[in-house]
Amino acid sequence: IFDLGNVIVKVDKTRQMESFSEDCGKSVSYLNKYFKKHPLEKKFERGSITTENFYERCKKDLNLKMDFEKFRKVWCDIFELDKDVEALIMHLKEKFRLVLLSNTNEMHFEYIRNNYPIINVFDEHVLSYKEGCRKPNPLIFIKAIQKAKTAPFNCMYFDDIIEFVFIARILGVKAYKYESFGKLKDDLRRFSET
């Protein structure tokens with residue numbers, strides 16, 4: 001079971017925030033605070049508001065002038081595929097069932113699926129906006145375990161956020177914090193030896 005952001009794709013919001021700042025005249029630090037503290041993005045990731053609602057609310061709150069297509073481009077201009085992790089996933093696919101577990105939104109996931117074919121190698125996608133809940137809610141982890149079609153202790157899970165790793169461990173999953181490609185390979189090797 002793999003997380004998506006900062007595991008399979010690196011996430012850097014620098015260009016995104018600079019583009020929004022240029023468009024609306026608000027500072028990058030203001031924009032960063034808005035997206036961190038406002039519940040809007042979490043609602044979008046839970047699927048409780050549509051892509052169009054999300055755009056309209058951002059446009060209104062931030063006084064954005066850009067049209068929807070420009071907004072979509074800027075919103076999704078934050079990802080870069082980790083080629084090492086991609087190659088490893090292709091190798092694992094030969095022997096294991098693969099599940100993607102991600103807090104994401106419809107716009108980001110469509111962009112990633114269309115631009116990085118590795119995502120389509122996964123047997124199942126457990127996505128917050130489709131499930132109606134986000135990590136660390138245990139329900140989304142339980143869904144991923146069900147999709148893995150095996151007992152929790154037979155599952156390995158990789159996430160860059162330690163809080164989410166702990167929740168998976170509580171549920172019986174062998175969960176590891178993703179810190180580097182080298183550590184990922186070591187964790188997989190140790191698991192296969194047990």
Side-chain angles (χ1 to χ4, degrees), residues 1-13 16-17 31-58 61 72 75-76 78-79 82 85 89 92 96-114 116 118-179 183-184 187-188 191:
I1 305 172
F2 280 85
D3 175 37
L4 179 56
N6 290 319
V7 178
I8 300 170
V9 291
K10 298 167 191 164
V11 179
D12 181 353
K13 295 187 175 182
Q16 181 195 76
M17 290 300 150
L31 292 165
N32 276 321
K33 273 189 209 132
Y34 171 82
F35 284 109
K36 274 193 185 107
K37 294 190 173 179
H38 201 287
L40 186 65
E41 191 171 356
K42 287 186 173 77
K43 285 182 179 177
F44 191 29
E45 286 188 347
R46 280 196 306 270
S48 56
I49 57 170
T50 65
T51 296
E52 292 74 19
N53 291 151
F54 180 71
Y55 163 66
E56 291 297 340
R57 184 65 189 272
C58 288
D61 287 357
R72 183 200 295 274
W75 182 248
C76 295
I78 63 173
F79 302 111
D82 187 316
V85 175
I89 288 168
L92 291 172
F96 301 102
R97 184 169 177 78
L98 298 176
V99 177
L100 185 73
L101 172 58
S102 179
N103 283 351
T104 190
N105 59 71
E106 184 181 30
M107 249 192 297
H108 279 168
F109 190 69
E110 282 178 7
Y111 174 87
I112 288 167
R113 191 169 52 189
N114 292 333
Y116 306 125
I118 189 65
I119 297 308
N120 301 309
V121 163
F122 282 82
D123 298 289
E124 298 284 353
H125 299 141
V126 180
L127 310 171
S128 59
Y129 79 93
K130 288 196 168 173
E131 299 303 328
C133 62
R134 299 169 73 252
K135 296 179 278 186
N137 187 324
L139 293 175
I140 199 165
F141 290 91
I142 290 165
K143 185 77 167 191
I145 294 164
Q146 288 169 344
K147 296 279 187 182
K149 296 188 175 174
T150 188
F153 58 81
N154 287 328
C155 297
M156 285 191 88
Y157 173 57
F158 299 97
D159 199 307
D160 63 307
I161 298 175
I162 195 66
E163 180 189 2
F164 302 163
V165 170
F166 288 149
I167 299 292
R169 286 178 184 167
I170 288 166
L171 294 169
V173 172
K174 303 278 195 301
Y176 302 85
K177 185 173 190 290
Y178 180 84
E179 292 169 7
K183 182 177 179 296
L184 171 62
D187 290 337
L188 280 162
F191 183 78

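Note that this is a predicted model, so its numbers are computed, not measured.
Formation of a donor-acceptor pair under 3.5 Å by the K42 side chain with backbone atoms of R134 is not found in this model. Checked by atom type and distance alone, the side chain of S128 never pairs as donor or acceptor with a backbone atom of R46 at under 3.5 Å. Within the 3.5 Å criterion, the main-chain N or O of V11 finds a donor-acceptor partner in the side chain of N6. Proximity of a side-chain donor or acceptor of H108 to a complementary backbone N or O of W75 within less than 3.5 Å is detected.
By the side-chain contact (heavy atoms from CB on, under 4.5 Å) test, E163 pairs with P136, I161, sequence neighbours left out. With sequence neighbours excluded, the residues satisfying side-chain contact (heavy atoms from CB on, under 4.5 Å) with L92 are F2, L88, F96, L98, L188. In terms of the side chain to side chain donor-acceptor pair (under 3.5 Å) criterion, N32 has no residue partners (sequence neighbours excluded).
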Before giving the answer on side-chain contact (heavy atoms from CB on, under 4.5 Å), spell out for M17 and F35 the whole-Å C-alpha distance, their side-chain angles and the decisive distance to 0.1 Å.
-> CA-CA 10 Å; M17 290 300 150; F35 284 109; 3.5 Å; yes

Can K183 and Y178 be said to form a side-chain contact (heavy atoms from CB on, under 4.5 Å), step by step?
-> CA-CA 7 Å; K183 182 177 179 296; Y178 180 84; over 6 Å; no

Worked check of side-chain hydrogen bond (donor to acceptor under 3.5 Å, both in side chains) between Y34 and D61 | CA-CA 9 Å; Y34 171 82; D61 287 357; 2.7 Å; yes

For L4 and F122, run side-chain contact (heavy atoms from CB on, under 4.5 Å): C-alpha distance rounded to whole Å, both residues' side-chain angles, the deciding distance at 0.1 Å, then the answer.
-> CA-CA 11 Å; L4 179 56; F122 282 82; over 6 Å; no

Evaluate side-chain contact (heavy atoms from CB on, under 4.5 Å) for R72 paired with E110, printing each intermediate quantity in order.
-> CA-CA 11 Å; R72 183 200 295 274; E110 282 178 7; 4.1 Å; yes

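Nearest heavy atoms, V126 versus A144: CG2-CA, 3.8 Å. Taking every heavy atom of both residues into account, I49 and L40 meet most closely at CD1-CD1, 3.5 Å. The two atoms that bring T150 and C155 nearest to each other are CG2-SG, 3.7 Å, heavy atoms only. Of all the heavy atoms in G5 and D160, the pair that sits closest is O-OD1, 3.2 Å. In terms of heavy-atom proximity, L184 sits nearest to V85 at CD2-CG2, 4.2 Å. For C133 against N137, the heavy-atom pair with the smallest separation is CB-ND2, 3.7 Å.
Exactly one of R97, K143, K130 qualifies for a salt bridge (charged side-chain N to carboxylate O under 4.0 Å, His left out) with E124. That residue is R97. With Y176 as reference, F158 is the one residue of F166, F164, F191, F158 to meet the ring-ring contact (aromatic ring centres under 6.0 Å, His included) rule. Residue I89 is tested with I119, I118, L100 for a side chain to side chain contact (heavy atoms under 4.5 Å, CB included); the sole match is I118.
Counting heavy-atom neighbours within 6.0 Å of K135 NZ, excluding the residue itself, gives a total above 12. By the 6.0 Å contact criterion, NZ on K177 is enclosed, its count of non-hydrogen atoms from other residues, nucleotides or ligands being greater than 12.
Using a cutoff of 4.0 Å between basic side-chain nitrogens and carboxylate oxygens, E131 and K147 are not scored as salt-bridged. Checked for salt-bridge contact, D123 and K149 miss the test: no charged N lies under 4.0 Å from a carboxylate O.
With rounding to the nearest 0.5 angstrom, the CD atom of E45 is 13.0 Å from the CZ atom of F109. If you take CG on N105 and CG on N103, they are separated by 10.5 Å, rounding to the nearest 0.5 Å. Residue D82 holds its CG atom at 9.5 Å from CD1 of I8, rounded to the nearest 0.5 Å. To the nearest 0.5 angstrom, Y55 atom OH is 12.5 Å from T50 atom OG1.
Under the 30°/60° scheme for interplanar angles, the aromatic rings of F54 and F44 are found to lie parallel.
Residues P152 and I145 form a side-chain contact, since some pair of their non-hydrogen atoms from C-beta on lies under 4.5 Å apart.
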